[in-house]
Amino acid sequence: MSTTIHPTAIIGEDVEIGAGCVIGPHVIMESGAKIGRDNEINAGCYIFGSVEMGDRNRLMRAASLGGEPQSMGYKGEPTRLIVGSHNWFGENTIMHRGTAATGKTTIGNHAFIMNGSHVGHDCIIGDHVVMAPGVMVGGEAVVMSRANLGAGAGIHQFVRVGELVMVGGMARVTQDVVPFTTVAESSVLFGLNAIGIKRAEEYPNKLSTLKMMYRMFCEKREPLPSFLQWLHEQP
């Protein structure tokens, strides 16, 4: 399948575009960008030269990928935004490239990032992550695979959100979040993300063990050495 580029799109001279892509009206793609196969980039999107994108991504109207990081320490170093495959970016989503701290911002595969969400510099976003509208992820934060962030949630810079975490809408996450848990407002844990665990193919038979882990580590505050010993003894 051939690539289709709207006549109003502005494409830099050395942009690499794979076969089967659809580039919509008024799209701007700066020189240096590398775009894989079968991507759909809709009207008004801006792809900076820092972007390396995989295959079969879909960018809705006015998404901006790879812009200069919003960091006072950034001095124009050549950094990247690395985007995987099969991702969906809603209208007006913004993803910034990295700084000299790590050199790149990374978006995994199969993410579903809704309108108005923002991912800051040097972040790592895992696979199958869902961000509802208006999510804000601060610089150098990590959101691990299958995390689900509710509308308007704010993830503080440097914070790590664990695998299969559910963050409630408008929640403020200012501390690292243990995997498999649910976060209510102001970084308060609210039990396990039982629904997400049941839906994940690799964990449905581990729910009882995870419940015990949560009680010991998050509720009873078992000392770390004894908790790790118990964990090591589990089948």
Side-chain angles (χ1 to χ4, degrees), residues 39-42 44-48 51-54 56-67 69-70 80-98 102 104-190 193 195-197 199-200:
N39 292 290
E40 178 184 337
I41 302 176
N42 284 286
C45 290
Y46 201 116
I47 309 299
F48 287 81
V51 172
E52 297 180 16
M53 182 184 297
R56 295 179 176 84
N57 296 288
R58 189 178 185 195
L59 279 63
M60 305 308 289
R61 292 163 293 283
S64 175
L65 270 63
Q70 296 180 152
R80 307 297 287 174
L81 169 66
I82 311 297
V83 178
S85 299
H86 302 278
N87 298 296
W88 191 94
F89 299 97
E91 293 86 351
N92 300 300
T93 53
I94 300 174
M95 311 280 148
H96 286 147
R97 63 180 179 264
T102 70
K104 62 184 178 180
T105 300
T106 304
I107 312 295
N109 305 300
H110 299 279
F112 193 80
I113 300 176
M114 301 183 208
N115 59 289
S117 292
H118 170 244
V119 174
H121 61 85
D122 301 292
C123 288
I124 299 174
I125 307 298
D127 298 336
H128 298 279
V129 168
V130 176
M131 296 186 191
V135 168
M136 301 163 287
V137 183
E140 299 190 50
V142 177
V143 180
M144 299 184 71
S145 295
R146 299 181 187 272
N148 192 318
L149 311 183
I155 311 300
H156 198 274
Q157 61 182 354
F158 303 111
V159 161
R160 296 174 61 89
V161 177
E163 182 179 0
L164 268 168
V165 164
M166 171 69 77
V167 176
M170 305 297 291
R172 295 174 296 168
V173 181
T174 58
Q175 300 179 22
D176 291 354
V177 183
V178 179
F180 311 111
T181 59
T182 299
V183 180
E185 59 185 78
S186 302
S187 298
V188 177
L189 289 180
F190 198 66
N193 179 16
I195 294 176
I197 294 168
R199 289 176 177 173

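Numbers here are sequence positions counted from 1. Bear in mind that the values here come from a model prediction, so they are computed numbers and not experimental data.
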Between [Y] and [X], is there a side-chain heavy-atom distance shorter than 4.5 Å?
X      : Y      : answer
Thr106 : Ile125 : no
Val83  : Leu81  : yes
Phe112 : His128 : no

* Are Asn87 and Asn57 linked by a side-chain donor-acceptor pair shorter than 3.5 Å? -> yes
Minimum heavy-atom separation for [X] and [Y], please, with both atom names.
X      : Y      : answer
Ile155 : Ala141 : CG2-CB, 4.3 Å
Phe48  : Ser64  : CE1-OG, 3.6 Å
Ala184 : Ala171 : O-CB, 3.3 Å
Val137 : Met131 : CG2-CE, 3.9 Å
His156 : Thr174 : CB-CA, 3.9 Å
Leu59  : Cys45  : CB-SG, 3.9 Å

Looking at [X] and [Y], would you say the former's side chain and the latter's main chain have a donor-acceptor pair under 3.5 Å?
X      : Y      : result
Asn39  : Gly54  : yes
Asn109 : Ser85  : yes
Asp176 : Arg160 : yes

* To do: Give the intermediate values and the outcome of side chain to side chain contact (heavy atoms under 4.5 Å, CB included) for residues Ile82 and Thr105.
  => CA-CA 6 Å; Ile82 311 297; Thr105 300; over 6 Å; no
Quick one: pull up [atom1] in [X] and [atom2] in [Y] and give me the separation to the nearest 0.5 Å.
X      : Y      : atom1 : atom2 : answer
Phe89  : Met114 : CZ    : CE    : 13.0 Å
Met166 : Phe190 : CE    : CZ    : 13.0 Å
Ile113 : Leu149 : CD1   : CG    : 9.0 Å
Glu40  : Asn42  : CD    : CG    : 4.5 Å
Met95  : Ile47  : CE    : CD1   : 10.5 Å

* For Arg97, what residues pass the salt bridge (charged side-chain N to carboxylate O under 4.0 Å, His left out) criterion, not counting sequence neighbours? -> none
* **side chain to side chain contact (heavy atoms under 4.5 Å, CB included) between Gln157 and Val159, worked out** => CA-CA 6 Å; Gln157 61 182 354; Val159 161; over 6 Å; no
* **Set of residues satisfying ring pair (Phe, Tyr, Trp, His ring centres under 6.0 Å) with respect to His86, sequence neighbours excluded** => His110
* Structure fact -> Residues at least two apart in sequence or cross-chain that pass ring pair (Phe, Tyr, Trp, His ring centres under 6.0 Å) with His96, listed by chain then number, are His118
* Among Thr182, Thr181, Asn148, which residue meets the side-chain contact (heavy atoms from CB on, under 4.5 Å) test with Asn193? -> Thr182
